[in-house]
Amino acid sequence: MSLEGWSIRALQEELQLTLTDSKVDRVFQHSSTELSLEIHKTKTPLRLLFSIHPQFARVHLITQKRKNPPVPPSFCQLLRRRLEGARFISVEQPDLERMLIFRFSVYDELGNPDEIHLIAELMGKNSNLILCDREFLILDAIKHVPSWQNRFREILPGRPYQRPPLQTKQDFFAWNPPTKDKDLSISVSDWLKKNIDGIGVPTVQALLREVGIEEEQMSAFLSEEQWNLLQHRMQVTYENRKAGCLYQTELSQTLLPFAFSTGSWSPASSALEEHFKQIEQHATLLQERNRLSSILQAAWTKGRKKLFALEEDLQQGKDADCYRIWGELLKNAPEPEVREEEIQVTNYYDENLETITIPLDIRLNIAQNAQNYFKRYSKARKGEKIILEQIEMIRAEVKYLESVLMSIQQTEELSILSEIQEELIQQGFISAPKATHKSTKKKTKQPSKVLHEPLRLTIDGVQVSIGRNNLQNDDLTMELSRNSDWWFHSKEVPGSHVVVHTAEPSDSMFELAAALAAWFSQARSSSYVGIDYTKRKNVKKFKGAKPGSVHYTDFYTLYVAPRSPDDILLLNKGNHSQQGEL
């Protein structure tokens with residue numbers, strides 16, 4: 001999310017009011033793109049975050065501390081020398097540019113009053129944080145921009161600071177509709193974004209939605225009345241804006257500087273903190289999901305290759321009878337005068353007594369070759385049992401990995417991924433994290449516990465539980481369910497365990513529980529999914545089985561369309577409403 005000019009104006013208004021009569025206590029740099037100032041104001045500590053992330057560049061107050069590297073970077077050390085103890089004067093936004101200039105009152109090396117400027121440029125991949133003196137001479141920047149990167153605007157220590165080039169856009173309060181061919185040939189949304197000062201994609205989308213104009217509609221096809229409606233709506237939204245606040249719409253969960261549709265106002269910093277917290281959590285979720293998936297995908301591929309090799313070995317074992325026959329035929333064959341790589345003999349085990357060719361090792365005589373084939377036959381027969389056991393074990397492992405991959409791909413919670421990681425550590429697919437310090441005492445290994453309970457829903461007054469990973473599946477089925485409960489699972493594909501905690505569910509409950517089991521399975525995208533269901537007492541777990549792996553008997557099968565928990569609850573609520581009306 002790139003902040004619009006008017007969104008930055010809301011931030012400027014809030015920060016100007018909040019930071020007045022404050023001073024900088026500490027400076028922390030958390031990464032190459034983030035730092036924060038710890039600010040003191042009348043016994044109330046404040047934390048001001050600066051981020052120049054290419055996608056999430058922003059400045060706002062935060063409530064939670066962030067982790068710091070063990071050694072502060074050089075830019076952080078400079079800010080500590082120059083800013084710690086500085087008093088806040090003002091924060092300014094030139095025009096509606098995507099930048100903020102913070103002015104601080106400081107004392108120079110001789111103890112004379114001085115001023116210093118901290119400039120936050122919030123311009124996507126070109127975002128930067130620059131420290132300048134009173135005369136706007138650059139002291140340093142968090143990101144240097146030499147002449148070979150930008151020959152018009154160097155950002156290096158000792159260079160005079162130059163503002164980014166001004167954009168030739170029309171004033172937000174007074175603008176004229178397009179008249180040139182190049183402007184009339186683009187969509188109205190593109191024209192507004194390129195030509196109206198201070199607004200970006202979110203505001204343009206919300207504005208067009210409010211007045212009922214399609215985003216892709218060509219500018220040339222808008223009537224004069226529609227252009228006037230757009231201008232009038234912009235004027236009304238500005239008059240209704242709340243200084244220092246951003247508006248969060250319920251429709252798209254987007255932060256806007258103006259009120260559109262339905263939503264609520266929040267102080268700019270708190271709204272941005274919560275918004276970017278969700279974005280960061282989602283990014284972390286995707287990162288962890290991809291990391292775990294790549295590990296499991298590699299293990300799955302390795303298991304499939306091993307399974308293929310074992311099946312080939314098994315097939316060779318099944319073909320081992322030919323070794324015994326060759327040995328018997330060679331045992332009765334005469335020794336040739338000259339040793340060769342093969343010999344032709346009559347196959348007395350064939351009804352037609354056909355002649356066959358038997359490969360020979362020229363280093364051995366006929367009797368030794370016969371003994372060699374007998375040994376190969378004996379080894380193949382003995383290894384067949386071991387190979388079958390290994391194939392069964394590898395197949396179970398591959399099936400287990402598929403179930404874990406399904407859980408990883410479907411989860412939307414970091415806590416569930418943490419449980420899955422713990423499970424994979426227990427199973428040996430991931431190494432346990434190393435201890436941060438050594439201890440001379442030998443610690444007893446504590447059994448791992450499920451961190452979160454299974455997902456629970458109440459449908460028609462009956463509780464339905466859903467395991468969201470294999471540890472939860474085991475805990476739900478083997479510990480939290482009664483023998484009289486009903487158990488559901490997708491047929492022949494990985495999926496979650498679903499338990500209906502009642503001995504006598506209604507017919508509709510069977511269908512809803514099966515629909516949930518279909519949703520929490522690998523076949524979620526299918527039109528219809530086969531779901532096996534049985535009494536919980538018919539579900540067993542064998543000793544040494546993988547997490548989530550069970551065996552069940554006396555089951556029935558129901559074919560249903562997958563349905564999400566939200567759909568199920570909405571349907572159940574609607575049914576209750578209709579019954580009440582009747």
Side-chain angles (χ1 to χ4, degrees), residues 396 399-400 402-404 406-407 410-411 413 416 419-420 422-423 426-427 447-524 526 528-565 567-569 571-572:
K399 186 176 180 181
Y400 166 73
E402 289 174 349
S403 70
V404 180
M406 183 274 300
S407 298
Q410 290 189 356
T411 187
E413 299 179 34
I416 304 301
E419 291 183 19
I420 293 174
E422 176 64 24
E423 175 187 342
Q426 292 178 9
Q427 298 302 312
S448 298
K449 296 182 179 180
V450 176
L451 301 177
H452 294 78
E453 290 188 350
L455 178 64
R456 299 185 185 276
L457 307 174
T458 301
I459 304 173
D460 287 337
V462 177
Q463 189 178 80
V464 180
S465 300
I466 305 156
R468 291 171 290 177
N469 56 55
N470 286 319
L471 291 179
Q472 288 189 9
N473 286 337
D474 277 353
D475 196 49
L476 169 61
T477 301
M478 311 313 299
E479 303 293 337
L480 303 178
S481 302
R482 298 168 297 188
N483 285 336
S484 59
D485 294 340
W486 284 87
W487 182 89
F488 295 74
H489 190 275
S490 51
K491 186 179 184 66
E492 298 178 352
V493 296
S496 296
H497 297 192
V498 177
V499 174
V500 178
H501 298 278
T502 181
E504 298 181 357
S506 62
D507 291 342
S508 62
M509 179 63 72
F510 277 108
E511 292 187 4
L512 294 178
L516 284 171
W519 178 263
F520 288 96
S521 75
Q522 195 178 57
R524 175 184 288 186
S526 301
Y528 284 92
V529 182
I531 302 297
D532 293 338
Y533 63 99
T534 184
K535 284 281 190 179
R536 159 61 186 87
K537 65 181 180 181
N538 299 323
V539 183
K540 309 296 181 185
K541 187 172 183 68
F542 296 136
K543 185 177 180 180
K546 293 285 186 183
S549 177
V550 295
H551 176 73
Y552 53 92
T553 57
D554 299 334
F555 61 91
Y556 308 92
T557 302
L558 186 64
Y559 289 87
V560 296
R563 281 195 162 186
S564 69
D567 287 345
I568 296 289
L569 293 175
L571 176 66
N572 186 60

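Computed from heavy atoms alone, side chains included, the values below leave out hydrogens, waters and symmetry copies.
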[X]: what forms a side-chain hydrogen bond (donor to acceptor under 3.5 Å, both in side chains) with it, not counting sequence neighbours?
| X | answer |
| --- | --- |
| Arg456 | Glu453, Gln463, Ser465 |
| Gln522 | none |
| Thr458 | none |

Minimum heavy-atom distance between [X] and [Y], given as atom pair plus value:
| X | Y | answer |
| --- | --- | --- |
| Phe520 | Gln410 | CA-OE1, 3.6 Å |
| Leu558 | Ala514 | CD2-CB, 3.8 Å |
| Tyr528 | Ala561 | CD2-N, 3.8 Å |
| Pro562 | Val529 | CG-CG2, 3.8 Å |

Pairwise side-chain contact, [X] with [Y], heavy-atom cut-off 4.5 Å (strictly under):
| X | Y | answer |
| --- | --- | --- |
| Asp567 | Trp519 | no |
| Val464 | Leu512 | no |
| His501 | Ser481 | yes |

Spacing of [X] atom [atom1] and [Y] atom [atom2] [to the nearest 0.5 Å]:
| X | Y | atom1 | atom2 | result |
| --- | --- | --- | --- | --- |
| Glu492 | Ser521 | CD | OG | 12.5 Å |
| Leu516 | Glu511 | CG | CD | 12.5 Å |
| Glu419 | Ile416 | CD | CD1 | 4.5 Å |
| Ile568 | Leu457 | CD1 | CG | 8.5 Å |
| Ser407 | Gln472 | OG | CD | 9.0 Å |

- Task: Ignoring hydrogens and angles, tell me if any N or O in the side chain of Ser490 forms a donor-acceptor pair with the backbone of Ala518 under 3.5 Å.
- Result: no
- Task: Please confirm whether the backbone N or O of Leu471 pairs with a side-chain atom of Asn469, one donor and one acceptor, at under 3.5 Å?
- Result: yes
- Message: Under the rule for side-chain contact (heavy atoms from CB on, under 4.5 Å), what residues qualify as partners of Asn473, not counting sequence neighbours?
- Response: Asn470, Ser496, His497
- Task: Please list, chain by chain and in numerical order, all residues satisfying side-chain contact (heavy atoms from CB on, under 4.5 Å) with Pro505, sequence neighbours excluded.
- Result: Trp486, Val500, Thr502, Met509, Phe510
- Within a reach of under 6.0 Å around CZ of Arg563, are more than 12 heavy atoms found that belong to other residues, nucleotides or ligands? no
- If you draw a 6.0 Å radius around CG in Asp507, do more than 12 non-hydrogen atoms from other residues or ligands fall strictly inside? no
Which side-chain N or O atoms in residues 531-546 pair as donor and acceptor under 3.5 Å with protein atoms at least two apart or in another chain?
residue : atom : partner : partner atom : Å
Asp532  : OD1  : Thr557  : OG1          : 2.8
Asp532  : OD2  : Tyr552  : OH           : 2.6
Thr534  : OG1  : Asn538  : ND2          : 2.8
Thr534  : OG1  : Thr553  : O            : 3.2
Thr534  : OG1  : Asp554  : O            : 3.0
Lys535  : NZ   : Ser484  : O            : 3.1
Lys535  : NZ   : Ala503  : O            : 3.1
Arg536  : NE   : Thr477  : O            : 2.4
Arg536  : NH1  : Val539  : O            : 3.2
Arg536  : NH2  : Thr477  : O            : 3.3
Lys540  : NZ   : Lys537  : O            : 3.1
Lys541  : NZ   : Asp474  : OD1          : 3.3
Lys541  : NZ   : Asp474  : OD2          : 3.4
Lys541  : NZ   : Lys546  : O            : 2.8
Lys541  : NZ   : Ser549  : O            : 3.0
Lys546  : NZ   : Gln427  : OE1          : 3.4

- Begin from the C-alpha positions of Leu480 and Val499 and carry the test side-chain contact (heavy atoms from CB on, under 4.5 Å) through to its verdict. CA-CA 9 Å; Leu480 303 178; Val499 174; over 6 Å; no
